[in-house]
Amino acid sequence: MSEIITADNDRKATQAEADKKQNELNTLSKSIGELFKSGKTDEANEARAKTSDLKEEIRVLNSKLSETESGIQKLLVQVPNLPHPSVPEGKGEDDNMVEREGGEIPKLENALPHWELATKYDLIDFELGTKLTGAGFPVYKGWGAKLQRALINFFLDEATNAGYNEVLPPLLVNEESGFGTGQLPDKEGQMYHVTEDNLYLIPTAEVPVTNIFRDVVLDEKELPVKKCAYSACFRREAGSWGAHVRGLNRLHQFDKVEIVQVAHPDNSYDVLEQMVAHAQSLVEKLELPWRILRLCGGDLSFTSALTFDFEVYSAAQERWLEVSSVSNFETYQANRLKLRFRKAGEKKPQLAHTLNGSALALPRIVAAILENNQTSEGIRVPKVLVPFMGTEMIK
RNA sequence: GGAGAGAUGGCAGAGUGGUCGAAUGCGGCGGUCUUGAAAACCGUUGUACCGCGAGGUACCGGGGGUUCGAAUCCCUCUCUCUCCGCCA
């Protein structure tokens, strides 16, 4: 931190000096022009000789300046967001705080894990995905495919009913967008990179949707802006394969509905609450046992000030699965995005707050539904999905 | 993929080496007039950085170069548009 401040002071001093020299040069150049015009060629040539020294000095100062600036930039980019005061201390996921929970964990006998159910009812073909692409790219089939569609439609309908404006964004983004939401340079290796065109496959719709507001100055009365989007998400998940990643637990490609808000700094934490409540209503409507975690400092992402994770209980695996992450980034992304709003009558715009959350990510929801709702007759479809599925039972 | 044209302030659009941070129009804001509004007229209206301030510096798509001096000339990259080809 102090390193940055020192560097910044250095920058200021250098710039002041460079500006002064530049001013001298500019003045001199102007006078040369006038001298030539009035025919005083000798004086003009004399003045011209002086400029070369000045130019050299300016060149040195400027190169020093840009060096200092890029040094500062390098340091700044490495500074993570400041956690909100309510963030519990802790190193990793074991230190996360359970905020609240609900739903009922079903008692099952001889329960099958979802990957076996997927095969039994021919819903998901993992091997076929491996053949076509590789591990982590499942092929959904029949009722399995329709269940994906049902969930996407259900989630989008719920979001639009809650006032979110739906967008369908591009699945590839450029470098600026990756930087804007903070994936670059921090998570460079987690995104698929199309080097030929220097584009990145989005790891979440958060990236394109939040970048809608890059270099935008909003009117105060437009806040909050609420957007929702369905997208496929692509994650390399480099280095994170091992135990616990069978079936749908961790994929390279998955579907997700994302909600994004641009909020006024004065009430962004109310907005966060509201987004958490929205995600909660979804897991409740799907009749899944759920809990909400308040992430501790050590588990908090680079960009977030406060994050709540949602987990649902998957009864055959007998473990909690993360299905949503709802965060307030405060001005962290807005600063990179240059996303600001202007108060009525004020000249200078100020940074807005950005928030986003999954509402929800599909694969683990599917895993939980399959496992928790398995019966001897088949898999019971949650009531809210029946209109989308056109059946009450997957057989 | 081939050929051509272009990128200037919120928008439109002039500007081809010095007096250009940039004409003009539209829009925005303030005012005059009006019972009120419109019209008309007058004024005002970019961003960032440095400085207590006066003020200074940078920015005409990005980067580099020529020059005492670049929106203007040269190189390069990116993007957009038009036509042709291909195509869901």
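- Nucleotides G43(B) and A48(B) place their P atoms 27 Å apart, quoted to the nearest Å.
- U78(B) sits 24 Å from A71(B) when the P atoms are compared, rounded to a whole Å.
- Put simply, the side chain of N81(A) gets close to the backbone of T303(A): a donor and an acceptor are under 3.5 Å apart.
- Pairing for C87(B) is absent, with no Watson-Crick or G-U wobble pair whose two atom distances lie under 3.5 Å.
- Comparing G33(A) and N23(A), the nucleotide of RNA chain B nearest to each residue sits closer to the 5' end for G33(A).
- Both distances falling under 3.5 Å, in either a Watson-Crick or a G-U wobble arrangement, occur for no nucleotide opposite C60(B).
- Note on L28(A): nothing from the nucleic acid sits closer than 4.0 angstrom, heavy atoms only.
- Distance check on atom C1': G61(B) versus A7(B) gives 6 Å, rounded to whole Å.
- Among C68(B), C50(B), G56(B), the nucleotide with an atom closest to any side-chain atom of R11(A) is C50(B).
- Taking only side-chain nitrogens and oxygens, N26(A) comes nearer than 4.0 Å to OP1 or OP2 of U57(B).
- Spacing between atom NZ of K64(A) and atom C1' of U57(B) amounts to 17 Å, rounded to whole angstrom units.
- The closest donor-acceptor contact from the side chain of D8(A) to the backbone of I4(A) lies at 3.5 Å or more, if one exists at all.
- Note on L201(A) and V173(A): same hydrophobic cluster, where clusters join Ile, Leu, Val, Met, Phe, Trp and Tyr whose side-chain heavy atoms are under 4.5 Å apart, directly or indirectly.
- Between F36(A) atom CZ and G17(B) atom P there is a gap of 17 Å when expressed in whole angstrom units.
- Atom CD in E175(A) sits about 13 Å away from atom P in U78(B), given to the nearest Å.
- If you measure from atom CD of E69(A) to atom P of A58(B), you get 14 Å, rounded to the nearest angstrom.
- Across C11(B) and G62(B), the matching P atoms stand 15 Å from one another, rounded to whole Å.
- Look at A7(B): its Watson-Crick or wobble partner, with both distances under 3.5 angstrom, is U78(B).
- Whole-Å rounding puts the R59(A) CZ to G69(B) C1' distance at 19 Å.
- Taking the ring centroids of H353(A) and Y269(A), they lie at or beyond the 6.0 Å cut-off.
- Distances were taken from every side-chain heavy atom of Q22(A) (C-beta onward) to each of C50(B), U57(B), C68(B); the shortest belongs to U57(B).
- In this structure, N174(A) places its CG atom 15 Å from C1' of U80(B), rounding to the nearest Å.
- Looking at R364(A), its side chain never comes within 3.5 Å of a backbone N or O of L321(A) through a donor-acceptor pair.
- Checking C68(B) for Watson-Crick or G-U wobble geometry (two distances, each under 3.5 Å) identifies G18(B) as its partner.
- Residue contacts shown for S29(A) include a base, since a base heavy atom lies under 4.0 Å away.
- The gap from the P atom of G13(B) to that of G51(B) amounts to 40 Å, rounded to the nearest Å.
- For C29(B), the paired base is G43(B) (Watson-Crick or G-U wobble, both distances below 3.5 Å).
- Dashed line: the shortest gap from a side-chain N or O of R342(A) to OP1 or OP2 of G28(B) is not under 4.0 Å.
- For G21(B) and U72(B), the C1' atoms lie 15 Å apart once the distance is rounded to whole Å.
- Picking from A48(B), U57(B), C68(B) the nucleotide with the shortest atom distance to the side chain of R48(A) gives C68(B).
- Among the heavy atoms of the strands, none lies under 4.0 Å from N45(A).
- Linking ILVMFWY side-chain heavy atoms closer than 4.5 Å, directly or via other members, places L75(A) and V79(A) in a single hydrophobic cluster.
- With both ends at atom P, the span from G10(B) to U45(B) equals 14 Å, rounded to whole Å.
- Of the possible polar contacts, one joining the N373(A) side chain to the R380(A) backbone as a donor-acceptor pair under 3.5 Å is found.
- Between U76(B) and A3(B), the two P atoms lie 15 Å apart (nearest whole Å).
- Following rounding to the nearest Å, D19(A) (CG) and C59(B) (P) show an atom-to-atom distance of 11 Å.
- Remark on RNA chain B: of its neighbouring residues K30(A) and K20(A), the 5'-side contact belongs to K30(A), judged by nearest-heavy-atom nucleotide.
- Judged by Watson-Crick or G-U wobble contacts below 3.5 Å, the nucleotide A38(B) has no partner.
- Counting to the nearest Å, the C1' atom of C79(B) and the CG atom of D197(A) are 14 Å from each other.
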